[in-house]
Structures are given as C-alpha cells and as structure tokens.
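What follows is one structure encoded as structure tokens, with my remarks underneath.
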Amino acid sequence: MSQQRSTFSGKIGFVLATAGSAVGLGNLWRFPYLVAQYGGGIFLLIYVILAFTFGFSLMCAEIAIGRKTGTSAIGAYKKLDKRFAFLGSLASIVPVIILPYYSVIGGWILKYLSLFAAGSSSLALTSDYFNNYIAKPIEPVGWFLLYIALTTLIVLSGVEKGVEKVSRFMMPTLVILTIFIAIYSLFMPGAIDGLIYYIRPDFSKFSWTTLLAATGQLFYSMSLAMGIMITFGSYMKKDVNIESSVKQIELFDTGIAFFSGLMIIPSVFAFSGGDKSALGKGPGLMFVTLPKVFESMAGGTIIGAIFFLLVSFAALTSSISGMETVVSVFMDKFKWQRKSACIIVVVICIILGLPSCLGYGVFKSIRIMDMDILTFFDFISNSVIMPIVALFTCILVGYAIKPEAIIKEFELSGKFKRKRLFTVMIKYIAPVFIVGILIFSILEGVGVVKV
C-alpha cells in the first residue's frame with residue numbers, strides 16, 4: 001500500500017523551505033573567502049550573472065523533475081529515462097556524504113554561539129583557540145551530536161509541520177540579522193575600503209579560474225546536483241508557479257550571500273587596517289578572525305552572539321534539507337515510515353561524521369590525497385560527484401527527454417517566460433561550464449594547479 005506523499009502548504013512554504021536549503025554555510029562561510037581569494041568585486045559580478053542564468057536553469061530543471069515525477073532523486077531519473085537511473089543513486093550519495101561533515105561544522109558553530117551567549121567570547125581571541133578546540137577528543141563530538149539531534153527533531157515532524165514551519169521562522173530572521181550586521185560593519189573605521197574592494201569590479205583580475213570558481217560556488221550555495229531540489233520539487237503542488245518560485249529562491253540565496261560578504265569583508269578590512277591576507281580562508285575567517293572583530297566593537301559580545309545565532313540558523317536550514325532528502329530516498333526506496341528512515345539516517349550520519357569530527361585530533365595522521373578527512377569528503381562530493389550529476393542532468397533534459405518535456409511541467413501553472421534562456425543554458429552553455437569545473441576542480445584537488 002503506497003503512502004500519500006507529503007506536500008508543502010503552498011508557494012510561500014515551498015520558497016522559504018527551499019531557500020532555507022540553499023542558504024547555508026556556502027553563503028555565510030564559503031562565499032566571503034572566495035570573494036577575497038578571487039579578486040573581490042569581479043568575483044561578485046560574475047557570481048551574480050551566473051546565479052540568474054546558469055543557476056536559474058539548473059534549479060528550474062531539478063525542481064521540475066521532482067514535481068513531474070513525484071518522487072525523490074532515487075526514482076526520478078529512472079522514471080524519466082531508465083538509461084539515467086544511475087543518476088538517482090549518484091545524486092542521493094551526495095547528501096549522505098555532505099550531511100555528516102556539515103554537522104561537524106554545525107557543531108563548531110554551536111560551540112562558538114555558546115561562548116558568546118555565555119559572555120566567554122574572550123576565550124576565542126587567541127589565534128590557536130580554534131585549532132586547539134577541534135583537536136579535542138570529546139567536546140567537539142558532543143556539539144556534533146547535539147547538532148544532529150536538533151536537525152533530526154525537525155525532520156521527524158515532517159514536511160509541513162517540521163521543515164516548512166521552521167523555515168517560515170528561520171528565513172525571515174536570517175535576512176533581518178544579516179542586513180543588520182552588514183549595515184553595522186559599514187560604520188567601522190576603515191570599512192569603506194573593504195566595501196570598495198567588495199563591490200567595485202577590477203576587470204584586470206578576471207580569469208578563467210575566477211569564472212570556474214564562481215560557477216562551482218553555485219553548486220555549494222544553491223544546493224544543486226545533490227537531489228535536494230528534486231526532493232523539494234516532489235513536494236510542490238501543481239498549481240505553484242515554478243519560474244516565479246525559483247526567482248524568489250535565487251533572490252534569497254544571492255541576497256544573503258551578498259550581505260554576508262558585506263558584513264564580513266568590510267569589518268575584517270577595518271580590523272586589519274586593510275590587510276587583505278587577514279580575510280583568510282575556510283574556518284580561519286569565521287572562527288579565528290571574526291571573534292577579534294567583535295571584540296573591537298562596542299557591544300561586540302552581543303553582536304557576536306547574534307552573528308553565530310544567524311550562522312546556526314543558516315546551517316540548520318541546510319542540514320534539515322540534506323537530512324530530509326536522504327530520509328525521502330529511504331522512504332521512497334524501501335517504503336519505510338518517516339521515523340524508521342530518520343533513525344537509520346542518524347546512525348549513518350554519526351558513523352560517517354565521527355571520523356571528520358576527530359580528524360583534527362585523534363585521526364590527525366590520516367590523510368587522503370594530502371587532505372584531512374573532512375576536507376576530502378568536501379572535495380569528493382562538491383568537486384567530483386556534484387558536477388558529474390549536473391552534467392548528466394543537462395544531457396538527460398537537453399537531449400534524451402528534450403527540454404519541451406520539462407517546459408510542459410512549468411506551463412501547468414502559468415507561462416514560462418524564460419524558456420528560451422532555459423533551453424540554451426541546459427543544452428549548450430551549462431554542459432561546457434560543468435566539464436570545465438570538473439576538470440579544474442580535480443586538477444586543483446590533486447595539486448596539479450594552484451590558485
């Protein structure tokens with residue numbers, strides 16, 4: 001006996017939940033350091049253009065595939081064309097890999113939130129505090145497990161009562177907090193130099209690697225090529241307009257990314273006296289530099305607590321969507337109840353997450369392709385599997401079932417105004433970009449190219 005599939009209550013619920021999936025650490029943690037690494041304003045300009053062309057087309061395709069087939073990625077590709085059934089398994093593997101290590105980073109954020117909330121932020125001011133913390137054998141595991149527990153409680157509540165309800169609260173709060181801190185940072189002495197660096201394109205810094213880096217960021221930031229958008233699309237009612245929904249999701253995602261850069265880059269410029277190297281890369285930006293920035297502010301402890309609360313919201317909305325996608329796969333594949341699927345997913349998440357959590361201490365000596373365990377999981381999912389899934393999705397839609405099959409799904413709920421752009425991107429432009437991303441990412445990952 002088949003179960004009735006859950007659905008979002010309507011367009012607002014779908015947009016907020018899907019935007020919540022897209023908005024996460026990719027926007028608040030990854031985007032600002034990529035802007036710094038790839039020339040400031042020129043990276044921002046390229047990213048915005050690509051988000052509303054390349055990203056728009058891929059997100060449209062995935063959401064329409066989900067709604068058309070009414071199933072998660074594990075069955076959606078097979079329903080459209082049996083030759084592409086392997087894509088369902090490949091796409092479903094991505095959140096299984098990402099969710100555990102993402103939850104490890106989520107645990108780090110909860111730790112820093114607790115420091116600021118307790119008024120103990122001064123502990124985080126020393127440059128080696130973060131590295132010493134993640135090397136501990138027990139405490140990071142505790143925060144990791146707490147983060148998984150919070151994610152699981154929401155997913156257990158289902159689509160409308162859990163995922164949608166939480167997103168309705170988190171997304172507007174996230175937007176308000178981001179804009180507030182961004183505006184606050186602009187009033188710091190020296191912040192204007194950071195603002196100029198951030199928003200003024202320097203075309204002399206344009207390069208092929210900048211273009212590829214901006215395109216690659218779309219996968220991470222917009223939750224593409226990991227089955228999430230297909231799963232959420234399968235929960236979408238037929239009378240909800242896909243095109244306008246995607247536009248609104250893009251505005252949320254790109255807007256949060258923009259304001260994240262606006263609150264981090266000018267503030268770090270102000271604190272460092274204009275030293276671009278202070279922007280750092282990866283965890284150093286958020287967990288090492290920013291506590292010092294907050295310390296220099298009037299009311300910095302409160303601002304820091306608000307900031308890490310914001311990041312916690314962003315991370316949680318994304319991990320909820322990741323877990324929901326994996327749970328949906330198990331429910332569709334094995335006809336399990338939601339509770340049973342959640343239990344299995346949590347066990348898998350803990351088993352795969354513990355090595356990443358302990359990879360900076362107990363398992364520090366374990367290196368894969370000269371990467372620590374967490375970095376390797378990030379590389380294999382974001383730089384290898386996701387571009388492959390996106391490439392074959394373009395081939396499926398562009399040449400196997402033809403774009404018209406997907407366009408018909410759009411037109412069930414209104415006119416598809418940008419169908420010409422969609423067709424050109426899916427058939428010709430996106431595949432070329434994706435092949436470039438895949439080749440470049442692998443060469444960079446194995447150390448053949450450096451940027």
Side-chain angles (χ1 to χ4, degrees), residues 19 22-56 171 174-222 247-282 284-286 289-290 292-294 296-297 303 306-307 310-311 314 433 451:
V23 173
L25 294 178
N27 306 74
L28 290 159
W29 173 59
R30 200 171 188 261
F31 182 81
Y33 79 70
L34 284 178
V35 171
Q37 183 180 354
Y38 290 99
I42 188 63
F43 180 92
L44 177 64
L45 176 64
I46 293 170
Y47 180 85
V48 170
I49 292 171
L50 290 178
F52 290 93
T53 53
F54 177 82
F56 168 81
M171 287 310 300
L174 180 62
V175 171
I176 293 169
L177 288 175
T178 306
I179 294 173
F180 170 76
I181 299 177
I183 294 173
Y184 184 98
S185 71
L186 292 178
F187 286 92
M188 297 177 66
I192 297 302
D193 290 336
L195 174 64
I196 293 170
Y197 172 80
Y198 181 52
I199 66 173
R200 186 173 69 187
D202 182 351
F203 289 94
S204 68
K205 294 183 179 180
F206 175 83
S207 67
W208 177 242
T209 55
T210 302
L211 182 63
L212 291 178
T215 312
Q217 170 64 9
L218 285 174
F219 288 109
Y220 196 99
S221 179
M222 298 178 72
K247 286 179 183 177
Q248 291 174 16
I249 293 164
E250 283 187 313
L251 285 173
F252 262 115
D253 184 71
T254 308
I256 291 292
F258 174 77
F259 280 106
S260 298
L262 196 61
M263 70 181 174
I264 290 177
I265 293 178
S267 62
V268 176
F269 255 75
F271 182 74
S272 66
D275 181 9
K276 295 185 181 68
S277 66
L279 289 165
K281 183 178 179 180
L285 181 62
M286 182 181 295
T289 305
L290 281 180
K292 297 176 183 177
V293 174
F294 293 136
S296 69
M297 297 178 179
I303 299 297
I306 293 172
F307 174 78
L310 179 156
V311 180
F433 270 120
V451 294

**Request:** Evaluate the side-chain proximity of L251 to F52: yes if any heavy-atom separation is below 4.5 Å, no if none is.
**Result:** yes

**Prompt:** What closest approach, in Å, do I306 and I181 show between heavy atoms, and which atom pair accounts for it?
**Reply:** CG2-CD1, 4.1 Å

**Message:** Check for me whether the distance between the ring centres of F259 and F31 falls short of 6.0 Å.
**Reply:** no

**Prompt:** Looking at side-chain heavy atoms only, is the closest gap between F269 and I192 below 4.5 Å?
**Reply:** no

**Message:** For I264, is there any backbone N or O sitting under 3.5 Å from a side-chain donor or acceptor partner on S267?
**Reply:** yes

**Asked** Which atom names give the shortest non-hydrogen contact between A270 and A191, and what distance separates them?
**Response** CB-N, 3.9 Å

**Message:** My understanding is that only one of L44, I46, L50 makes a side-chain contact (heavy atoms from CB on, under 4.5 Å) with V48; could you say which?
**Reply:** L44

**Item:** Side chain proximity check, F258 to T178, heavy atoms < 4.5 angstrom
**Value:** no

**Asked** Hey, mind stepping through F180 and I303 against side chain to side chain contact (heavy atoms under 4.5 Å, CB included) and telling me if it holds?
**Response** CA-CA 10 Å; F180 170 76; I303 299 297; 3.8 Å; yes

**Message:** For A36, is there any backbone N or O sitting under 3.5 Å from a side-chain donor or acceptor partner on Y197?
**Reply:** yes

**Asked** Once the angle between the rings of F43 and Y38 is folded into 0 to 90°, is it parallel (under 30°), tilted (30 to 60°) or perpendicular (over 60°)?
**Response** parallel

**Request:** Determine yes or no for a side-chain-to-main-chain donor-acceptor pair under 3.5 angstrom, with T254 supplying the side chain and E250 the backbone.
**Result:** yes

